[in-house]
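One structure follows; several queries about it will come next.
Only heavy atoms go into these numbers, but all of them, side chains included; no hydrogens, no water, no symmetry mates.
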Amino acid sequence: MKKGFMITPWEVSGDIDYSKLIKQFGTEKINDELLKRIKKHTGKLHFMLRRGVFFSHRDLNWLFDQYENGNKFYLYTGRGPSGKMHLGHLLPLVITKWLQDKFKSKLYFQMTDDEKFVVKRNLSLEETNRFAYENALDVIAMGFDPKKTVIFSDVDSAGILYKQALKVAKKLTFSTAKAVFGFTNETNVGLIFYTSMQSVPAFLESVFKKKNIPCLIPHAIDQDPFFRGVAREILPKLGYYKPAAIHCTFLPSLTKDGKMSSSNENSAIFTTDDKEEVKFKVMNAFTGGRDTLKEQEKKGGRPEICIVYKYLYMMFEDNDKKLSKRVEECKKGKIMCKDCKRYLIDKINDFLEDHQRKRKKAEKELDLFFTLKN
Ligand code: TRP
């Protein structure tokens with residue numbers, strides 16, 4: 001049975017019903033027709049698009065109308081640097097990197113050290129600022145093109161951003177902010193102002209280029225209120241386009257309840273975890289297996305509720321044939337959970353080995369990306 005769920009930019013819990021969310025937020029489902037349209041420009045579709053890991057959007061058809069008329073778009077996404085990054089945080093980055101490659105797009109990457117400072121009671125500004133640069137190593141390790149990518153800390157690039165945020169803030173009333181984000185009289189005013197900061201990169205390129213340039217924001221669906229309620233409402237009033245967006249689902253927690261989350265160490269695989277940690281966590285993951293081997297041989301497993309399967313489906317097995325073969329064998333009781341777990345452990349460890357090497361290298365590359373100088 002589905003329990004309730006709760007989703008705000010600062011809290012996600014419960015079993016999320018994504019089709020309900022499309023209705024609730026008023027976004028559009030990514031349908032076959034749209035996938036065909038994307039494919040026309042990209043050749044092969046990324047498996048995360050084909051499989052509905054990215055399931056919803058705003059104004060992608062408009063964006064492609066513009067594109068097909070020679071008005072190219074740029075990309076914008078971001079990260080709230082409140083701690084180490086885990087695999088779930090990488091999902092939007094995977095598609096952003098793919099889009100950058102396919103469309104040769106410029107990318108603005110916002111590190112919201114301001115937001116995380118005002119939201120997190122236990123973090124100092126020095127800490128969130130430090131995480132901005134530490135998390136940037138993970139972003140760089142994803143392979144973004146330094147010539148086309150600008151990463152910035154809100155705090156350190158405030159001289160540029162604040163001027164633009166003011167224009168948004170002047171048009172955003174407290175009553176709208178309350179309605180969109182559920183703010184109360186207890187909400188600190190830093191967070192209330194911050195909501196304008198997150199709109200800035202959605203028109204910053206248009207400011208710099210002195211002409212309107214469409215913007216596409218890949219992000220996890222919990223960030224939608226910022227764009228639905230602030231950027232898309234206010235940017236037209238300032239003479240800019242509404243940003244388009246493409247939304248992904250959440251990588252689930254390894255232990256089943258809710259999404260992968262840093263606050264529960266065993267639910268999450270961090271980008272800095274070593275091979276043994278990965279092994280331990282995946283070995284303890286929730287599966288659709290039966291109580292005994294015998295029962296599993298007889299009845300087969302249940303991929304539809306299996307977290308290991310979800311990880312393969314969403315992120316780690318891009319080969320459709322291999323994936324469906326695994327599902328069939330599981331359902332027939334021919335393979336056991338241990339087999340899939342080992343398979344996933346190897347996949348994750350191969351990925352992380354490469355990622356950690358690139359992450360190390362990125363320590364020397366920060367200057368190439370942090371180019372938004374005040
Ligand atoms: N608020 C986001 C977070 O807490 C960070 C962020 C800023 C972001 N701008 C964005 C995320 C644009 C996605 C797209 O993680």
query: Does the side chain of S124 come under 3.5 Å of the side chain of E127 through a donor N or O and an acceptor N or O?
result: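 On atom types as modelled, these side chains qualify, holding a pair under 3.5 Å.
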message: Is the ring pair H86/H89 parallel, tilted or perpendicular, if the boundaries are 30 and 60 degrees?
response: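 Rings of H86 and H89: parallel, under 30°.
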task: Specify whether F193 and Y162 have parallel, tilted or perpendicular ring planes, treating 30° as the upper limit for parallel and 60° as the lower limit for perpendicular.
output: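 Answer is tilted, since the angle falls between 30° and 60°.
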- request: Mind telling me whether F64 and F73 have parallel, tilted or perpendicular rings, with 30° and 60° as the class edges?
  value: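 Perpendicular, since the angle between the ring planes exceeds 60°.
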task: Indicate yes or no: at least one non-hydrogen side-chain atom of M336 is less than 4.5 angstrom from one of E297.
output: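 Yes, close enough: below the 4.5 Å cut-off.
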Worked verdict on Y194 versus F226 for ring pair (Phe, Tyr, Trp, His ring centres under 6.0 Å): CA-CA 10 Å; Y194 168 74; F226 283 107; 5.8 Å; yes
- prompt: Judged by atom type as modelled, is there a donor-acceptor pair below 3.5 Å linking the side chain of N319 to the main-chain atoms of K322?
  reply: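 Checked: pair present.
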- request: For ring pair (Phe, Tyr, Trp, His ring centres under 6.0 Å), just list the numbers for Y133 and F370, CA-CA rounded to whole Å, side-chain angles, deciding distance to a tenth of an Å, and then say yes or no.
  value: CA-CA 9 Å; Y133 292 89; F370 279 82; 4.5 Å; yes
query: side chain to side chain donor-acceptor pair (under 3.5 Å): which pairs involve residues 42-53, sequence neighbours left out?
result: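 Sorted result for residues 42-53: R50-D320, R51-D320.
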D32 and K36: CA distance, side-chain angles, deciding distance, salt bridge (Lys or Arg N to Asp or Glu O under 4.0 Å) verdict: CA-CA 6 Å; D32 291 344; K36 255 192 220 142; over 6 Å; no
- request: Check the side chains of E233 and T176 for a donor-acceptor pair under 3.5 angstrom, ignoring hydrogens and angles.
  value: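 No, E233 and T176 have no side-chain donor paired with an acceptor closer than 3.5 Å.
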task: Test salt bridge (Lys or Arg N to Asp or Glu O under 4.0 Å) on K116 and D113 and set out the steps.
output: CA-CA 5 Å; K116 291 298 148 175; D113 40 7; over 6 Å; no
Six-ring centre of F270, K84 cation under 6.0 angstrom, axis tolerance 45°: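 That pair qualifies as a cation-pi contact.
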- request: Measure from the ring center of F369 to the ring center of F109 and say whether it is less than 6.0 Å.
  value: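 For F369 and F109, the ring centres are not under 6.0 Å apart.
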- prompt: Crowded around E33 CD? As in, over 12 foreign heavy atoms under 6.0 Å?
  reply: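 Not more than 12 within 6.0 Å, no.
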Donor-acceptor contact present, side-chain Y74 to main-chain A202, <3.5 Å: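 Flag set: sc Y74 to bb A202 pair under 3.5 Å.
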query: Of R228, K242, E28, which meets side-chain contact (heavy atoms from CB on, under 4.5 Å) against R58?
result: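 In the set R228, K242, E28, the residue that makes a side-chain contact (heavy atoms from CB on, under 4.5 Å) with R58 is R228.
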task: Could you label the plane-to-plane angle of the F227 and H219 rings as parallel, tilted or perpendicular, counting under 30° as parallel and over 60° as perpendicular?
output: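 It falls in the tilted class, 30° to 60°.
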